[in-house]
There are 2 protein chains.
Amino acid sequence: MKNSRQSRKKLDSQVRKKLLETAADLFYRRGIENVGINEVIDRSGAARMSLYYHFPSKDALILAVLDHTSEIRLKALEEANKKGKDKDPRSRLLEVFRPMKGIVEDEGFRGCAFINAATERADPADPIHERVARYKSDLRGIFARLAQEAGVLSPDLLSWQLLLLWDGTMTEVYIQQDPNLVDAAILAAETLIRSALPPPGPA
Amino acid sequence: MKNSRQSRKKLDSQVRKKLLETAADLFYRRGIENVGINEVIDRSGAARMSLYYHFPSKDALILAVLDHTSEIRLKALEEANKKGKDKDPRSRLLEVFRPMKGIVEDEGFRGCAFINAATERADPADPIHERVARYKSDLRGIFARLAQEAGVLSPDLLSWQLLLLWDGTMTEVYIQQDPNLVDAAILAAETLIRSALPPPGPA
DNA sequence: TTTGATATAGACCAGTCTGTATGATAATAT
DNA sequence: ATATTATCATACAGACTGGTCTATATCAAA
């Protein structure tokens, strides 16, 4: 049991946490490949060897950052959905794109961190890709669950379509530097959703 | 007139052309920042100074590659549209996503070269971003024109929505390594288009 | 014939990058 | 008390980067 106690402690380290958060911020804002570990340690205040104590390589740090970010993001989305638990499933599904508004309006928004990571690493065999693919699959899973609860006929198809729209919006808002594109996306999502819902029975 | 003859010649150079095409291929396949000029000159067979003779810097080469690619891509799309000139405008609009099938099925497909370029350069003030934004705007313009010709009520809104869907599909096909996602995208596009068209008058 | 444009070859520079080596020093657990 | 774990400081290695410099070779135009 000694081993598990050790690693528990190691993972709880404040220095490790600081490194992780600093790296996450820098990687997102400036691009993974444009940030050297020197900058990470300088900004985090940690020593070079502390970084390599906690993470065997820069790649390991990147993966840790992705895992960390994935957990936060998905949890936040789940929370946002639970908030409207009182509403009926149809409304909840129709509002699934609403959180995006706040995300893209954030100063320093630079698209989806996961898409960006996958793009910077060209090789699809890179472990980073697997993380990105999984994150996107999880995101789609949320869409699919909402769709199913709302009674959508083919929740799988719709969830993929919503994911495509989601990704495109995150990307294009960044490219055009125009958060208002989200409004078009929300309307599109509503159109897709309404087309996927069975027509309301004659009351 | 001497000057124009000179630059005409310079632009027509075979070496320059080879450099441009080699760089375009390498940049797309492996990522702009992951390809050094050494590799470009090695693969193209050109000399180091020939590269710097035609392009003052790597950044200039990148911009030239983007311009070159943009011209080819947009022209190809226009051509594809013109081919179905005999069909009615509605059909042409509904088939606007069809060329994507072939694009993503290409071996070595790695998403949209322009999105990738913008992602690798984090700074929105980078000249590269302007090229990417313009390309995407031009692409949207094609969608908008088709939508208008088909009698869509709000061609601008629809064209943006189609662009978002387009971008998301290019990206997600790459992430999931699954060209079949295009089918979901095509269905989504059709749904969006049909919702944007005025209902067919009672014949 | 002289000039200028295009192209090649390769040495070279200054700087960046990740990662390692070494050693000292706290803090903590046994 | 002592052994382990965590942290820091710093120097260094080795590879790679974009870009410059110099010298040379064609070849067409003036």
Side-chain angles (χ1 to χ4, degrees), chain A residues 1-23 26-27 30-66 117 120-123 126-128, chain B residues 1-23 26-27 30-66 117 120-123 126-128:
Chain A
M1 288 299 102
K2 188 180 173 185
N3 221 326
S4 89
R5 233 195 333 238
Q6 274 177 13
S7 39
R8 163 78 81 94
K9 265 220 160 165
K10 191 167 173 177
L11 289 177
D12 283 351
S13 153
Q14 286 304 305
V15 173
R16 189 193 138 98
K17 196 180 163 194
K18 191 71 205 282
L19 281 166
L20 213 47
E21 286 167 357
T22 306
L26 284 175
F27 286 166
R30 310 241 325 284
I32 290 174
E33 307 286 10
N34 300 325
V35 173
I37 55 164
N38 293 314
E39 199 173 348
V40 175
I41 60 182
D42 285 350
R43 292 240 197 185
S44 70
R48 185 178 206 74
M49 289 318 285
S50 297
L51 190 157
Y52 280 101
Y53 176 74
H54 288 287
F55 310 97
S57 67
K58 185 189 176 181
D59 271 33
L61 174 62
I62 296 170
L63 291 178
V65 164
L66 288 180
E120 289 197 70
R121 288 298 174 95
D123 185 3
D126 193 302
I128 287 177
Chain B
M1 289 300 101
K2 186 184 177 185
N3 221 326
S4 89
R5 234 198 325 240
Q6 273 176 14
S7 39
R8 163 77 83 95
K9 265 212 161 167
K10 190 168 177 178
L11 289 177
D12 282 351
S13 153
Q14 286 305 305
V15 174
R16 188 193 139 99
K17 196 180 165 195
K18 191 76 206 279
L19 280 167
L20 214 46
E21 284 167 359
T22 307
L26 283 175
F27 286 167
R30 310 239 327 282
I32 291 174
E33 307 286 10
N34 300 325
V35 174
I37 55 165
N38 293 313
E39 201 173 347
V40 175
I41 59 181
D42 285 350
R43 292 242 197 182
S44 69
R48 186 177 207 72
M49 287 318 286
S50 298
L51 190 158
Y52 281 102
Y53 174 74
H54 288 288
F55 310 97
S57 66
K58 185 188 176 184
D59 271 34
L61 174 62
I62 296 170
L63 291 178
V65 165
L66 289 179
E120 289 197 71
R121 289 297 174 94
D123 184 4
D126 192 301
I128 287 178

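By convention in this document, chain letters (A, B, ...) are assigned in the order of the sequence lines, proteins followed by strands, and residues within each chain are numbered from 1. What you see is a predicted model; the values in this text were computed from it and never measured.
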**OP:** With heavy atoms under 4.0 Å as the rule, sort A/Val40 into base, sugar-phosphate or nothing.
**Re:** nothing
Original post:
Which part of the nucleic acid, if any, lies within reach of A/Asn38 when heavy atoms closer than 4.0 Å are counted: base, sugar-phosphate only, or nothing?
Top reply: base
Original post:
What's the shortest heavy-atom distance between B/Thr22 and B/Arg43, and which atoms?
Top reply: CG2-CB, 3.6 Å
Original post:
So do the side chains of A/Leu20 and A/Leu61 get within less than 4.5 Å of each other, counting heavy atoms only?
Top reply: yes
**OP:** Check whether any side-chain heavy atom of A/Arg121 lies under 4.5 Å from a side-chain heavy atom of A/Ile62, and answer yes or no.
**Re:** yes
**OP:** Specify the separation, in whole Å, of atom CG of B/Leu26 and atom P of D/dT17.
**Re:** 12 Å
Original post:
Is the shortest heavy-atom distance from the side chain of B/Arg48 to the side chain of B/Ile37 under 4.5 Å?
Top reply: yes
Subject >> Rounded interatomic separation in angstrom, taking CD from B/Gln14 and P from C/dA7 >> reply: 9 Å
Subject >> Shortest side-chain distance from A/Lys58, nucleotide among C/dA7, D/dT20, C/dG19 >> reply: C/dG19
Original post:
Considering only heavy atoms from C-beta outward, does the side chain of B/Pro127 approach that of B/Leu63 to under 4.5 Å?
Top reply: yes
Subject >> Pairwise side-chain contact, A/Phe27 with A/Leu66, heavy-atom cut-off 4.5 Å (strictly under) >> reply: no
**OP:** Send over the distance from B/Lys17 NZ to C/dA7 P, rounded to a whole Å.
**Re:** 13 Å
For nucleotides 8-10 of chain C, print each protein N/O atom paired with a nucleotide N/O atom at under 3.5 Å, atom names and distance only.
{"residue": "C/dT8", "atom": "OP2", "partner": "B/Ala47", "partner atom": "N", "Å": "3.2"}
{"residue": "C/dT8", "atom": "OP2", "partner": "B/Ser50", "partner atom": "OG", "Å": "2.7"}

Subject >> Euclidean distance, atom CD of residue A/Glu39 to atom P of C/dC17 [Å, nearest integer] >> reply: 8 Å
**OP:** May I ask you to test the A/His54-A/Lys17 pair for a side-chain heavy-atom distance under 4.5 Å?
**Re:** no
**OP:** Nearest whole angstrom, please: distance from the P of D/dA9 to the CG of A/Asp42.
**Re:** 11 Å
Original post:
In whole angstrom, what separates B/Arg30's CZ from D/dC16's C1'?
Top reply: 13 Å
Subject >> A/Ser13 side-chain N/O to D/dT7 phosphate OP1/OP2 under 4.0 Å >> reply: yes
Subject >> Of A/Pro56 and A/Asn34, the one whose closest DNA chain C nucleotide lies more 5' >> reply: A/Asn34
Original post:
Expressed in angstrom and rounded to an integer, what is the separation of A/Ile41 atom CD1 from D/dA11 atom C1'?
Top reply: 13 Å
Original post:
A/Ile62 has an atom CD1; how far is it from atom C1' of C/dT18, in whole Å?
Top reply: 11 Å
